[in-house]
Amino acid sequence: MIEFFSGIVSVLMWLVFGLPSFFLGFYYSQPVILEPGIVYSYKQAEEFGFEPNQLYLEILDDLKPKYLRVIAYWDRIEKQKDEYDFSELDFQIQETERRQAKITLILGEKVPRWPECHYPDWAAGLSRQNQQEQILELISLIGARYKDSSALEFWQVENEPFLAYGKCPAYDKDFYKKELAAIKSISSKPIVVTSSGELDSWLRSFIYGDIVGFSVYRRFFVSLPFTRIGLDYPLPPLFYQTKAKAFNLFFKKDIMVTEFQLEPWLDKPIVETSSEDQFAELDFNRFVDYLEYARKTRIKRIYFWGIEWWYWLKQNSQPEFLDYVKENIFVD
C-alpha cells in the first residue's frame, strides 16, 4: 500500500516541482557535467559478446571515467553455497585503484539489470528467512573484503529498493534496515540509497541514505492489448534539482543521478532486436538530446547507463554514439 501512495505522491510532485522548474530553466545557462560517471555490468557486457574484463579495461583507458558504479552479482560470486569467487570484483577494484578512479559498489539482493534479483540456483528455493540470512552474510563478506580499497568511494545497498520492479520479493523495511546495519558495522564509507527519479517520492531515500541517488529516464510506456506506446515524461531538466533542494531544507544531503538512460528501453534484449527497432526508440539525435537534458539538470554527478551498448555499436560500425560521449562528456 505504501508503494501505491508513494507513486501517487511522486506524480503530484511532477506538478509541484515541475512547473516552477520549467520557468526557472529559462534563466540558467547550460553547464557542463562536472562529474560524469558510468554504470558497468559484467552480465550486460557478456550479453553483447564481450569478454567483460577486457571491455572494462578498454573503458578505463579509452573514456578514462573517474567515477564508476560496479555490481556485486550474488549468482556470480557464490555459484555454490559457501564457495566464493570474488575474481571479477577483485579485478574491477584493482584496475580502478591503479587509475585512481572511484567506485560505488552496489550490493544486496536487488541490483541493476534484469531480473534485478540475481539468485544463484541453490538459493532460489530457500525459505525467505534463509535467503535473507545468506544475503546478509554476503554483504558482510563483501564489506570486509573491500572496505579499505582506495577506489571505494560509496556503498550502495540495493538498487531502487522501494520501486516494485523486477523478479524480486516485495520491499521489506525490517530486512533493509538489517542490510544497512550490516555494512555500517564494517565500514564508515557513506551509503547511497537510490530511488526512481520519476516514480518515487524520494522520502525514504533521504531518510535512510547518507547520499541520495536517483534514476532519470526520459521515456515511459503504456501497454495496450496489441502494442505499447512510448511517451516522454513531461518533466523539465531542473525538476530533479528543484525537488532535491526542497528535501534538503530538512535533510542536508547530497544528491546524484545514479542511472541516466542512454540505451534504448525495449521489451526484449537489445541483441535480439533489430537496429531499426533500437533506433526507433533511441537514435543518435535523441541520444544527443538526452545528453543536453542531462547537462541542464545542473546536477554535479551523473552516472550514465548504456556504455556496453555504445561499445557494441562501435564494434558494429556505428561509432558515433561513443565518439560523441568521448568528445563532449568524458573530457579532461
Side-chain angles (χ1 to χ4, degrees), residues 38-60 68-97 103-149 151-152 155-161 165-172 175-176 178-180 182-183 185-187 194 259 268-272 305 307-309 311-312:
I38 62 160
V39 187
Y40 184 73
S41 166
Y42 264 52
K43 288 193 172 189
Q44 190 71 357
E46 287 183 343
E47 180 85 8
F48 284 118
F50 292 108
E51 198 292 312
N53 283 346
Q54 291 180 3
L55 181 59
Y56 191 71
L57 287 178
E58 184 175 354
I59 291 167
L60 289 177
L68 304 101
R69 293 172 70 230
V70 300
I71 306 160
Y73 286 115
W74 186 11
D75 61 344
R76 297 178 79 96
I77 293 172
E78 194 180 5
K79 294 178 182 178
Q80 303 296 326
K81 188 177 185 304
D82 298 328
E83 296 181 11
Y84 300 100
D85 179 2
F86 290 103
S87 58
E88 289 181 349
L89 278 179
D90 285 349
F91 180 85
Q92 291 175 94
I93 296 287
Q94 291 163 7
E95 294 300 329
T96 307
E97 286 176 344
I103 276 178
T104 297
L105 181 53
I106 310 168
L107 68 170
E109 180 173 36
K110 185 184 180 190
V111 297
R113 292 293 175 187
W114 188 262
E116 304 291 307
C117 289
H118 301 258
Y119 299 112
D121 291 340
W122 62 267
L126 294 178
S127 70
R128 186 63 187 137
Q129 180 179 347
N130 285 340
Q131 280 183 344
Q132 290 178 345
E133 290 171 354
Q134 294 297 319
I135 292 161
L136 291 172
E137 181 178 337
L138 184 62
I139 286 174
S140 296
L141 287 170
I142 293 171
R145 190 175 188 90
Y146 301 116
K147 64 184 177 66
D148 295 322
S149 169
L152 181 67
W155 304 105
Q156 180 187 320
V157 180
E158 303 287 335
N159 191 55
E160 300 184 5
Y165 178 74
K167 296 181 179 179
C168 292
Y171 168 68
D172 182 332
F175 176 56
Y176 190 55
K178 290 178 182 177
E179 290 181 289
L180 294 171
I183 200 67
S185 70
I186 293 168
S187 170
T194 59
E259 185 176 313
K268 59 183 178 181
I270 294 177
V271 293
E272 298 175 12
W305 175 263
I307 192 166
E308 304 89 355
W309 183 58
Y311 276 88
W312 182 73

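For the numbers below, each heavy atom of this structure counts, side chains included, while hydrogens, waters and symmetry mates do not.
- A 4.5 Å side-chain heavy-atom check between Y311 and I307 finds at least one atom pair inside the cut-off.
- The side-chain heavy atoms of P169 and C117, taken from C-beta on, include a pair separated by under 4.5 Å.
- With sequence neighbours excluded, no residue satisfies ring-ring contact (aromatic ring centres under 6.0 Å, His included) with F50.
- A heavy-atom distance below 4.5 Å is found between the side chains of D90 and R145.
- Using a 3.5 Å distance cut-off with no hydrogens or angles, the side chains of S149 and E97 do pair a donor with an acceptor.
- At a threshold of 4.5 Å between non-hydrogen side-chain atoms, the residues E116 and K167 do not count as touching.
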_Criterion side-chain contact (heavy atoms from CB on, under 4.5 Å) on E47 and V271, from CA distance to verdict_ = CA-CA 7 Å; E47 180 85 8; V271 293; 3.5 Å; yes
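- Residues Y146 and S187 have side chains that never bring a donor and an acceptor to within less than 3.5 angstrom of each other.
- R69 CZ to L105 CG: the interatomic distance, rounded to the nearest 0.5 Å, is 10.5 Å.
- A 4.5 Å side-chain heavy-atom check between W155 and K147 finds at least one atom pair inside the cut-off.
- Here the side chains of R113 and W305 are in contact, with some heavy-atom distance below 4.5 Å.
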Less than 3.5 Å apart, which donor and acceptor atoms pair up between the side chains of residues 131-138 and the rest of the protein, not counting sequence neighbours?
| from | atom 1 | to | atom 2 | distance (Å) |
| --- | --- | --- | --- | --- |
| Q131 | OE1 | R128 | NH1 | 3.0 |
| Q131 | NE2 | A123 | O | 3.0 |
| Q132 | NE2 | D172 | OD2 | 3.3 |
| E133 | OE2 | Q129 | NE2 | 3.3 |
| E137 | OE2 | Y84 | OH | 3.1 |

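- Among all heavy-atom pairs drawn from P112 and Y73, the shortest one is O-OH, 3.0 Å.
- Using a distance-only test at 3.5 Å, with no hydrogens or angles considered, no donor-acceptor pair links the side chain of H118 to the main chain of R76.
- Across Q80 and W122, no two heavy atoms sit closer than the pair C-NE1, 3.7 Å.
- When every heavy atom of Q156 is checked against every heavy atom of T104, the shortest pair comes out as CB-CG2, 3.9 Å.
- Judged by distance alone, with hydrogens and angles left aside, the side-chain atoms of Y40 form a donor-acceptor pair with the main-chain N or O of P52 at under 3.5 Å.
- Summarising the geometry of V111 relative to N159, their closest heavy-atom pair is CA-CB, 3.8 Å, with the distance given to 0.1 Å.
- The minimum heavy-atom distance linking G108 with I139 is given by the pair CA-CD1, 4.1 Å.
- Counting heavy atoms from C-beta on, the side chains of I270 and F48 come closer than 4.5 Å.
- A 4.5 Å side-chain heavy-atom check between I142 and I77 finds at least one atom pair inside the cut-off.
- The backbone N or O of Q54 sits less than 3.5 Å from a side-chain atom of E51, completing a donor-acceptor pair.
- For the side-chain contact (heavy atoms from CB on, under 4.5 Å) with Y42, the lone residue among N53, I71, L89, L55 that qualifies is N53.
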*I would like to know whether E109 and C168 meet side-chain contact (heavy atoms from CB on, under 4.5 Å); could you show each step before the answer?*
CA-CA 8 Å; E109 180 173 36; C168 292; 5.8 Å; no
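- Crowding of D121 atom CG: a count of heavy atoms from other residues, nucleotides or ligands under 6.0 Å not exceeding 12.
- Remark: K43 NZ is packed, more than 12 non-hydrogen atoms of other residues, nucleotides or ligands lying under 6.0 Å away.
- Note that the CG atom of L68 and the CD1 atom of I93 stand 9.5 Å from one another [nearest 0.5 Å].
- Using modelled atom types, one side-chain atom of Y176 and one backbone atom of V157 make a donor-acceptor pair closer than 3.5 Å.
- Here the closest heavy-atom approach between residue I183 and residue G143 is recorded as CD1-CA, 3.6 Å.
- E179 contributes atom CD, which lies 4.0 Å from atom CD of E158 (distance to the nearest 0.5 angstrom).
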